[in-house]
Amino acid sequence: MIKKAKGFICILLASLILLSGCGNSESLLQSNMRVYLDSYYKGNGVTVSISDFTDFEWEQVLIFQYPVSAQDIENAIGVKYEGSLDLTSGMIFVYNQKVVYDEVFKDNYTNLAPFLIYPYDNINADLHYNVFTPETAVFRCEKINSKEQYGYRLYPLSV
């Protein structure tokens, strides 16, 4: 009986350790960008370069605003993507033909999402994704206020 209890406790502890590493409520990149914008946003004149907030090497980033298919991702960035595709928007970073980082934008299903990067300047764009390099991933910022909430929307400067 004690042997089984010890085994159960070991499995439980291992599971908790694994889950604690996966439970990031807001991604690091979004968090860093929000802190920067909270400090320096002074109107629509603020521009943000994604490469200023990444601490890893990347050659391209696919930014998507609506669900994209695995085939869309493979066609756009030339690599197979193994992550979940049922999420509404996010980013996938590629270096040396491998996905090195991906991130989903938080709370896109609410009326006021706290942070979104749009891959297009025109909301009626045919494609709901776009690929950027570190040099072209530069965005103008717009702050959206709604009652006691606010959020940021970023639109590309070079599309």
Side-chain angles (χ1 to χ4, degrees), residues 13-110 112-123 125-144 150-159:
L13 286 174
S15 298
L16 288 173
I17 289 169
L18 284 173
L19 290 175
S20 68
C22 298
N24 188 7
S25 64
E26 182 170 343
S27 66
L28 185 59
L29 184 59
Q30 287 179 68
S31 178
N32 288 345
M33 292 176 84
R34 281 182 56 93
V35 167
Y36 173 84
L37 290 169
D38 284 345
S39 298
Y40 295 103
Y41 183 84
K42 305 282 189 251
N44 286 343
V46 173
T47 59
V48 174
S49 176
I50 291 178
S51 62
D52 290 342
F53 298 93
T54 54
D55 61 356
F56 52 88
E57 289 192 66
W58 57 280
E59 296 166 325
Q60 55 185 354
V61 58
L62 174 91
I63 298 176
F64 59 99
Q65 182 51 38
Y66 293 101
V68 294
S69 71
Q71 189 64 50
D72 288 337
I73 291 172
E74 190 171 328
N75 290 343
I77 58 178
V79 299
K80 186 172 178 99
Y81 180 65
E82 302 290 337
S84 174
L85 297 173
D86 62 345
L87 300 165
T88 302
S89 58
M91 299 180 282
I92 302 169
F93 290 85
V94 175
Y95 183 70
N96 282 340
Q97 297 183 319
K98 291 183 182 163
V99 173
V100 293
Y101 184 80
D102 62 348
E103 185 167 300
V104 173
F105 298 130
K106 183 178 169 188
D107 293 331
N108 198 28
Y109 292 104
T110 63
L112 181 65
F115 187 83
L116 289 174
I117 301 177
Y118 288 96
Y120 42 75
D121 196 25
N122 178 356
I123 197 86
D126 290 334
L127 285 181
H128 297 289
Y129 63 89
N130 208 336
V131 178
F132 301 90
T133 65
E135 295 78 28
T136 63
V138 180
F139 297 80
R140 70 176 167 80
C141 181
E142 179 180 311
K143 187 173 186 178
I144 308 295
Y150 71 95
Y152 294 106
R153 305 293 181 270
L154 279 67
Y155 300 92
L157 290 178
S158 59
V159 174

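We use all heavy atoms of the structure for the numbers below, so side chains are in, but hydrogens, waters and symmetry mates are not.
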Taking the six-membered ring for Trp, are Phe115 and Tyr152 ring centroids under 6.0 Å apart?
no
Gln97 side chain to Val79 main-chain N or O, any donor-acceptor pair under 3.5 Å?
no
If every non-hydrogen atom of Cys141 is compared with every non-hydrogen atom of Leu154, which pair is closest and at what distance?
SG-CD1, 4.2 Å
Between Glu59 and Asn96 (side chain of the first, backbone of the second, donor and acceptor by atom type, cut-off under 3.5 Å), is there such a pair?
yes
For Glu57, side-chain hydrogen bond (donor to acceptor under 3.5 Å, both in side chains) partners two or more places apart:
Tyr95
Hey, could you give me the CG/CE distance between Leu29 and Met91, rounded to the nearest 0.5 Å?
4.0 Å
Criterion side-chain contact (heavy atoms from CB on, under 4.5 Å) on Ile77 and Ile92, from CA distance to verdict
CA-CA 9 Å; Ile77 58 178; Ile92 302 169; 4.1 Å; yes
Rounded at 0.5 Å granularity, tell me how far CE in Met33 sits from OG1 in Thr54.
9.5 Å
Any side-chain heavy atom of Phe53 within less than 4.5 Å of one from Val48?
yes
Are the side chains of Phe93 and Leu62 in contact, using a 4.5 Å heavy-atom criterion?
no
Would you mind reporting whether Tyr150 and Lys143 have side-chain heavy atoms less than 4.5 Å apart?
yes
Could you go through the side-chain contact (heavy atoms from CB on, under 4.5 Å) check for Ile117 and Tyr155 one step at a time?
CA-CA 6 Å; Ile117 301 177; Tyr155 300 92; over 6 Å; no
Give me the atom names and distance for the closest heavy-atom approach of Ser51 to Pro134.
OG-O, 3.8 Å
With sequence neighbours left out, the residues meeting side-chain hydrogen bond (donor to acceptor under 3.5 Å, both in side chains) with Glu135 are Thr133
I want to check something: taking the side chain as every heavy atom from C-beta on, are Leu116 and Ser89 in contact at a cut-off of under 4.5 Å?
yes
Reported CZ-to-CD1 distance for the pair Arg153 and Ile144, which is rounded to 0.5 angstrom
5.5 Å
Please list, chain by chain and in numerical order, all residues satisfying side-chain hydrogen bond (donor to acceptor under 3.5 Å, both in side chains) with Tyr36, sequence neighbours excluded.
none
Can you tell if the side chain of Val46 reaches within under 4.5 Å of the side chain of Leu37, non-hydrogen atoms only?
yes
Got more than 12 heavy atoms from elsewhere within 6.0 Å of OH, Tyr40?
no
To the nearest 0.5 angstrom, please state how far the CG atom of Asp52 sits from the CG atom of Asn32.
11.5 Å
Can you check whether Leu157 reaches Thr47 side chain to side chain, under 4.5 Å on heavy atoms?
yes
When you measure from the side chain of Glu82 to the backbone N and O of Val99, does any donor-acceptor pair fall under 3.5 Å?
no
Are Asp102 and Tyr81 close enough that a side-chain donor and a side-chain acceptor fall under 3.5 Å?
yes
Would the Phe139 and Phe132 ring centres measure less than 6.0 Å apart?
yes
Measure across Ala137 and Trp58 and return the closest heavy-atom pair with its distance rounded to 0.1 Å.
CB-CH2, 3.9 Å
